[in-house]
Amino acid sequence: FFNLYGCKIDGTLPENVLRLFAERILRDEEIMLHGSVRNSRDFLHVRDAAHALLLAVQKTKAEGVFNVCSGRETPLLQLARRMARLAHRKLRVKIQPRAGRFRRVVGDCSRARRILGFRPKVSLDEGLREVLYT
């Protein structure tokens, strides 16, 4: 799975970048981008991940390793801007240089699409609204 996200069920789940961005944006606080403004990730909503697992269980020829991802690269700065826009807030960003980080992370889900029939259905904006308001 690539960068899973969704609504926060309780406080025991590990924090992720979307949850951290949402909390800071909603409190009108500055968000921190580590590394570069060009850093990007491939985000997948947990409902899409669950759907991929269901498809894998249903397919008798589903053997081996599958990338379960959106297949879309989203720059973190663009993501933060979208979240601020959806929350009707002004975005304040601080860049913190950090060595050793992956700049770009995007998956190839063609095998999951071909064998499982998997296609993500939750749009990024729909998922971001859920992260912001649940």
Side-chain angles (χ1 to χ4, degrees):
F1 297 113
F2 281 64
N3 295 293
L4 290 177
Y5 74 99
C7 67
K8 187 173 183 178
I9 297 168
D10 63 32
T12 63
L13 299 175
E15 294 292 346
N16 67 27
V17 69
L18 294 178
R19 174 60 53 198
L20 295 172
F21 281 7
E23 289 172 355
R24 296 194 66 81
I25 287 169
L26 290 172
R27 291 191 308 244
D28 290 317
E29 296 175 355
E30 181 176 80
I31 67 160
M32 180 79 66
L33 285 177
H34 296 282
S36 164
V37 295
R38 292 188 203 98
N39 287 356
S40 61
R41 299 292 179 265
D42 183 333
F43 293 98
L44 182 71
H45 195 276
V46 292
R47 284 195 308 268
D48 286 327
H51 185 243
L53 287 172
L54 180 63
L55 290 171
V57 168
Q58 292 173 341
K59 302 286 181 178
T60 58
K61 297 186 183 199
E63 296 178 351
V65 177
F66 294 86
N67 283 336
V68 180
C69 55
S70 70
R72 292 182 305 268
E73 181 178 5
T74 303
L76 296 181
L77 181 57
Q78 175 189 357
L79 179 83
R81 286 179 177 151
R82 285 172 92 161
M83 290 182 86
R85 179 181 45 81
L86 290 168
H88 307 288
R89 298 288 203 288
K90 183 178 178 180
L91 180 65
R92 295 183 304 131
V93 178
K94 181 178 181 180
I95 309 300
Q96 177 75 34
R98 184 186 288 179
R101 304 272 301 182
F102 291 107
R103 274 197 134 157
R104 299 176 65 212
V105 178
V106 63
D108 176 2
C109 55
S110 59
R111 186 166 189 270
R113 185 173 30 253
R114 186 176 67 255
I115 295 173
L116 303 178
F118 172 70
R119 284 181 171 65
K121 295 183 179 174
V122 179
S123 74
L124 187 56
D125 281 354
E126 177 186 351
L128 292 178
R129 279 187 201 92
E130 187 177 288
V131 169
L132 284 163
Y133 298 114
T134 59

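Only this structure's heavy atoms are used, side chains among them; waters, hydrogens and symmetry mates stay out.
Formation of a donor-acceptor pair under 3.5 Å by the R89 side chain with backbone atoms of L26 is found in this model. Checking side-chain atoms of D48 against main-chain N and O of S70 turns up no donor-acceptor pair under 3.5 Å.
Side-chain contact check for I31 versus L91: some heavy-atom pair is nearer than 4.5 Å. Residues R82 and D125 are in side-chain contact: their nearest non-hydrogen atoms beyond the backbone lie under 4.5 Å apart. Side chains of V68 and L44 form a contact here, defined as non-hydrogen atoms less than 4.5 Å apart. Side-chain contact between F21 and L33 is present, with heavy atoms from C-beta onward closer than 4.5 Å. Considering only heavy atoms from C-beta on, M83 stays 4.5 Å or farther from L86 through its side chain. Inter-residue side-chain proximity for E130 and H45 is flagged as met; some heavy-atom pair is nearer than 4.5 Å. Side-chain atoms of L128 and L79, non-hydrogen and from C-beta on, do get closer than 4.5 Å to each other. Side-chain contact check for L54 versus Q58: some heavy-atom pair is nearer than 4.5 Å.
By the neighbour-count criterion of 12 heavy atoms within 6.0 Å, atom CD of E63 is sparsely surrounded, having that number or fewer from other residues, nucleotides or ligands.
Minimum interatomic distance between L4 and A49 (heavy atoms only, all atoms of both residues): CD2-CB, 3.5 Å. Of all the heavy atoms in L76 and R41, the pair that sits closest is CD2-CG, 4.0 Å. Taking every heavy atom of both residues into account, Y5 and L124 meet most closely at OH-CD1, 3.7 Å. When all heavy atoms of N3 and V105 are compared, the closest pair comes out as ND2-CG1, 4.4 Å.
With respect to F1, the side-chain contact (heavy atoms from CB on, under 4.5 Å) criterion is satisfied by exactly one of N67, L53, D42: L53.
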(message) Between E30 and R92, does the salt bridge (Lys or Arg N to Asp or Glu O under 4.0 Å) criterion hold? Intermediate values first, please.
(response) CA-CA 5 Å; E30 181 176 80; R92 295 183 304 131; 5.1 Å; no
(request) Walk me through it: do D108 and S110 pass the test side chain to side chain donor-acceptor pair (under 3.5 Å)? (result) CA-CA 6 Å; D108 176 2; S110 59; 2.8 Å; yes
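Hydrophobic cluster membership differs between L55 and V122, with clusters built from Ile, Leu, Val, Met, Phe, Trp and Tyr side chains linked at under 4.5 angstrom.
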